[in-house]
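No hydrogens, no waters, no symmetry mates; every other heavy atom, side chains included, goes into these values. The structure presented is a predicted model; accordingly, all values stated were derived computationally and were not measured. Start at 1 with the first residue, then count along the sequence.
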Amino acid sequence: MSLTMWNVRFSNEHEDVDVIYASHPTMFSLKIYHGGEFSKFPGRQYVNGRHSYIDFLDADEFSVHELDSMMLQLGYDGNRKMYYHFKKPDSDLDVGLMALGSDGDVCKLTSYVPKHRLLEVYIELDKITVCTYFQSPGGSNVIIQEIEDDGTPDYTRVRSRGSSSTKSSCGKRLELDWFPNHDFNNCNDFDKTISSEHALPTNVDHSMSQGIDSIHEEPDGEDGFDISEDEDNGSEDDDFYVDEEDVLHDVEVDMNDFYVNTDKDLEWIEPKSKLKDILDNEDFDSISEGEEGIDRIRKSKLRALRKKNKEIEAIGSKGTHFSVGQAFYTYKEVKKAINNYAVERRREISLDKNDKNRVKAVCNGTIPNLSFSTSSDPSKGTTVKGKGVKSISRSCPWVLYVSKWREEDDWVVKTFNDNHTCLQSRKIKACTATYLSNKIVNQIESNPTIPLKALQEDLERKYEIGVSRMKVFRAKMKAYNQVMGDYKIQYALLRDYVLELQSMNEDTTVQIDVEEEPNLSNMETRVFRRIYVCIGSLKKGFKAGKRDLLGLDGCFMKGPYPGQILTAVGVDPNNGIYPVAYGIVEAENLKSWTWFLSCLGDDLDLQKNSNFTFVSDRQKGVIPAIANLFPCAEHRYCFRHIHENMRVNWKANVFKDLLWKCARAYIAPHFNNVMEEIKSLDKDAYEWLKGIPPQHWARSHFSGRAKCDVLLNNMCESLNNQLVKGRDKPIITALEFIREYLMKRISMVQKEIQKCNGPLTPYGTKLMDANKTEAAKCIVAFNGSQKYQVTGHLCEQFVVDMKERSCTCRRWEVTGMPCKHAIATIWDMGKNNEGDGKPENYTDPVYWLDTWKKMYHFKINPINGRNMWPKSLCPTVLIPPHHHKQIGRPKKKRKKGVNEGVRITDGEDMVKFGKLSRQGKSVKCSKCNTIGHNSRTCNGQPASVVGGSKKDKKIITN
């Protein structure tokens, strides 16, 4: 029996634990909340309870069993089920609750003792309403969960002190831990019987640890898909303004050689050997001493016969050969050799006998009968006058018999007659789509986009047989699946891929969400819903970039199963893209965005009061998701989409010019002046634009948090364009395409960094040089303190405060790059020996070359092939999401917007003989006011259409 030193102190007694434990670094106290329950998320509180203090606890000796003894002393029955949670210091009950049910959880609790001597523990009795158990350990970060409907309590791990056995089961909400290094040999089987009231394990294995808390309630959102994804560069408008700040400087990454195969039970297609002399293992076989003399002589003769046959085959023609005494290891090899022989020789070979011990192949080819008869007797066959060919009942003598002895494992050719009396055929039964797929797999690997017609002609020329177009199509799809993987199989391998990805890349977060299982007795399968991936090196690199800005966007998956790829992309110091996280979800709606952003917030340590900046295209659900999770964050709308929406009703170029003036203005007076111009031009346009809050799209209302003044979401559009080739692949192949692209991109950017010199990045140097050119035209006046008056072009006058490092033009504040007024001031200070006179030293670190190097210092590690992946210990198997196949051919090109037209690259054809041509201009009849004809040809007919078909009716307008 161990001696306990702890003491119970009730809520009305107050002690300063920091003073009491000042000389005892491992001592601490607990503030235990008990007898109550948690309220709903968000704003979770512990209500209808009381609290007590436990003093003089030692972090080196504290355990969950001591907590059990404390509850007994507080007056609770030892047979009741209790759920222990502790709250992380400096956090709230929404995101700070952690499980306290194992030794690993105790270690997490005691890790806060050196800085926090009073820790809070919360007790739930009989039932649980928060989910802190059955989550992933901190080292794994993989969460498999079923999200249930609002109002249903979360079933999680239960701790009961009535028994010492260990069981595990799943309720309606499933969150399974991953233990790649844990020994499960002594674990009991999962409980198959789950009731609606107690869908929980009765005991907990204290060796299991829990991970981070997660969001359990998801607000309802609208469903649907956004059809305005952008992957076609040619669809952009020629007159669309793009500032230098919105032009991304990215590197080229070659992904043409990408292919990955993760399917299990895949047949390996061995390449043709280039070696002329191949050693046969049979030459090294020795006869055991226990064999009788007759067997010894027989094996010696068989070995000599096989060696002689191989020498004859080496001299003869290439292809498949049979010989008496030839041995095969398996039945599969026999079937493969027969099929190869039939196709190569163009013979109609069939299996007359086919069982587990013998295979007999015969030839069913047509035997010709040459005759010079004019008879047309049906009994003698169909002939023509003169020389004819007639099929008779005689069969071809070719035969092959292969069998194996019961005491032996090898299949041996016992009978073989290589004499053919039949005609060769161009229609071979053995030439199936599966056979052809094994022959063209290398060709598909090198050229996956080879046309069917070219592939068909190549196969017919090579094998001299007829192959239908549909057979070639099926063979190509099977070969493509061997190279790229099978769509359905890869869902079952997804957990293995996650373990391999995390084992090779430290601090990588992967979360998998599955559909709610209505049948509680189903312990075998779960329907996949979502996956979130944030590689550890990208997480560290983004934090090293020091720019709190992320672009959010989604694009469609183009395979047989529905889904969308969600991405979070930052901007690096050279104004290039820096992807941080990506995921595949069921659709772009409120629930999926809330789940994705909550995972992203956990990885980037974002709280509700975080001053972060997001840029989005106002997709479905993203606006309320950001408002709910990060109410203090700045949310910018992609200005391109605002411009496209305005063009629906106001197409004149004057509205476009004024709209861009509003967005580009850095100070509020300039913004208000342009808005008044729009109001004087069209009041409806003014009211429409006024309905969009300017803090979402105008630089004059941007804060200086992100040190970036981008107006467009080009960072996500650029990444989506790079991922086009991977979006029609199976799920693991698509995820690997993204990871490999990011891995190669970091390597390519690092090569560009090695070529750079100077304090700033190439993009930062370009901006600085442009500002220096303008600064030479400014006049500076000093007020004797830290402020300067700077007069520029057209008598524009601004105040520069060097102490606050700001200018009233707000460019320095918004971008972090000294504006022309600030550069002129810095030069003036250098002339008066008040500084070094170098504007680069006043630039924000987001433009430094050192920051760029640190950001790309973190590398993404490669992973092993499928056969080396660790096996997941999760008892359930993931299956694909439900999909209703749409009618018609699958669409691969995106749907263009209503205002997107055909890009014209050359306008020389618009000028003829020194005059502007009327090409493309609509004609309106002055009689019937119908577009498409003039008054001379008017017969009351409807307007003419463009496109030539009734399906694509489109009238040309201005």
Side-chain angles (χ1 to χ4, degrees), residues 243-251 541-549 570-576 578 666 699 702-710 749-782 785-793 798-857:
D243 292 340
E244 179 64 28
E245 294 82 359
D246 293 309
V247 177
L248 296 174
H249 301 266
D250 204 7
V251 296
F542 177 76
K543 294 179 179 179
K546 302 180 180 180
R547 177 173 278 166
D548 295 336
L549 180 140
V571 181
D572 66 14
N574 197 42
N575 206 39
Y578 192 85
Y666 281 91
R699 288 173 178 169
F702 288 171
S703 67
R705 303 171 184 172
K707 303 302 178 184
C708 185
D709 60 351
V710 294
V749 173
Q750 196 167 34
K751 293 180 181 179
E752 297 294 327
I753 294 176
Q754 295 174 355
K755 302 176 184 178
C756 300
N757 295 314
L760 304 180
T761 63
Y763 173 74
T765 303
K766 184 178 181 180
L767 291 183
M768 179 64 71
D769 293 341
N771 290 343
K772 286 180 179 179
T773 302
E774 297 294 329
K777 306 174 184 178
C778 298
I779 302 174
V780 181
F782 182 41
S785 180
Q786 293 290 329
K787 296 184 178 180
Y788 294 79
Q789 176 180 299
V790 183
T791 305
H793 182 60
F798 299 94
V799 177
V800 177
D801 189 341
M802 295 305 298
K803 182 178 181 180
E804 298 294 334
R805 293 198 174 188
S806 64
C807 178
T808 53
C809 75
R810 296 193 73 246
R811 285 179 179 265
W812 194 1
E813 176 185 352
V814 174
T815 64
M817 175 71 66
C819 60
K820 59 183 178 181
H821 314 107
I823 294 176
T825 302
I826 295 170
W827 284 345
D828 184 77
M829 293 173 60
K831 292 178 182 179
N832 295 294
N833 297 323
E834 295 182 3
D836 55 8
K838 295 181 179 180
E840 289 80 2
N841 295 337
Y842 295 86
T843 305
D844 193 89
V846 297
Y847 296 100
W848 292 356
L849 182 61
D850 290 338
T851 304
W852 197 22
K853 292 180 179 179
K854 292 178 181 178
M855 195 172 191
Y856 286 90
H857 171 72

- Item | T773 (side chain) donor-acceptor with D769 (main chain) under 3.5 angstrom | yes
- For residues I826 and K838, determine if any side-chain heavy atom of one lies less than 4.5 Å from a side-chain heavy atom of the other. no
- Message: If we ignore hydrogens and angles and just use 3.5 Å, is the side chain of D572 paired with the main-chain N or O of N574 as donor and acceptor?
- Response: yes
- Message: Using every non-hydrogen atom in the two residues, find where T851 and P573 come nearest and quote the distance to one decimal.
- Response: CG2-CG, 3.9 Å
- Query: Hey, what do you get for CG (D828) to CD (E834), rounding to the nearest 0.5 Å?
  - Reply: 8.0 Å
- Query: Can you name the residues that form a ring pair (Phe, Tyr, Trp, His ring centres under 6.0 Å) with Y842, not counting sequence neighbours?
  - Reply: none
- Item | Pairwise side-chain contact, P839 with W827, heavy-atom cut-off 4.5 Å (strictly under) | yes
- Task: Mind listing the closest non-hydrogen atom pair of C778 and V790 along with its distance?
- Result: CB-CG1, 3.7 Å
- Query: Taking all non-hydrogen atoms of both residues, which atom of C756 and which atom of E752 are closest, and how far apart?
  - Reply: SG-O, 3.2 Å
- Query: Just by modelled atom types, is the G570 backbone N or O under 3.5 Å from a matching donor or acceptor in the R547 side chain?
  - Reply: no
- Task: Using a cut-off of 6.0 Å, state whether more than 12 heavy atoms not belonging to K543 lie near its atom NZ.
- Result: yes
- Query: Does NZ or CZ of R810 lie under 6.0 Å from the centre of the six-membered ring of F798, at an angle within 45° of the ring axis?
  - Reply: no
- Message: Could you check whether any side-chain N or O of D844 sits under 3.5 Å from a backbone N or O of V846, counting only pairs where one atom can act as donor and the other as acceptor?
- Response: yes
- Task: Nearest 0.5 Å please: distance from the CG atom of D709 over to the OH atom of Y666.
- Result: 3.5 Å
- Task: Check the surroundings of atom NZ in K772: do more than 12 heavy atoms from other residues, nucleotides or ligands lie under 6.0 Å from it?
- Result: yes
- Task: Nearest 0.5 Å please: distance from the NE2 atom of H821 over to the CG atom of N771.
- Result: 10.0 Å
- Message: Using 0.5 Å steps for rounding, measure from the CD1 atom of I823 to the CD atom of E774.
- Response: 10.0 Å
- Item | Contact check, side chains of W812 and S806, non-hydrogen atoms, under 4.5 Å | no
- Note on the structure: In this structure, CE of M817 is separated from CZ of R811 (nearest 0.5 Å) by 12.5 Å
- Message: Quick check: do F782 and N832 have side-chain heavy atoms less than 4.5 Å from each other?
- Response: no
- Please round to the nearest 0.5 Å and tell me the distance separating atom SG of C809 and atom NZ of K820. 8.0 Å
- Query: Going through the checks in order, is the side chain to side chain contact (heavy atoms under 4.5 Å, CB included) test met by L767 and N575?
  - Reply: CA-CA 11 Å; L767 291 183; N575 206 39; over 6 Å; no
- Task: Compare all side-chain heavy atoms of H793 with those of K777 and state whether any distance is below 4.5 angstrom.
- Result: no
- Query: Does Y788 offer a backbone N or O that forms a donor-acceptor pair with the side chain of T825 under 3.5 Å?
  - Reply: no
- Message: To check you understand the geometry: which heavy-atom pair defines the closest contact between G541 and Y578, and what is its length?
- Response: CA-OH, 3.3 Å
- So do the side chains of D548 and R705 get within less than 4.5 Å of each other, counting heavy atoms only? no
- Message: How close do W852 and P762 get, counting heavy atoms only, and between which atoms?
- Response: CZ3-CD, 3.6 Å
- Message: Taking T843's backbone N and O only, do any of them form a donor-acceptor pair with W848's side chain (distance below 3.5 Å, no angle check)?
- Response: yes
- Check V814 against F702 and note the closest heavy-atom contact, atom names and distance. CG2-O, 4.3 Å
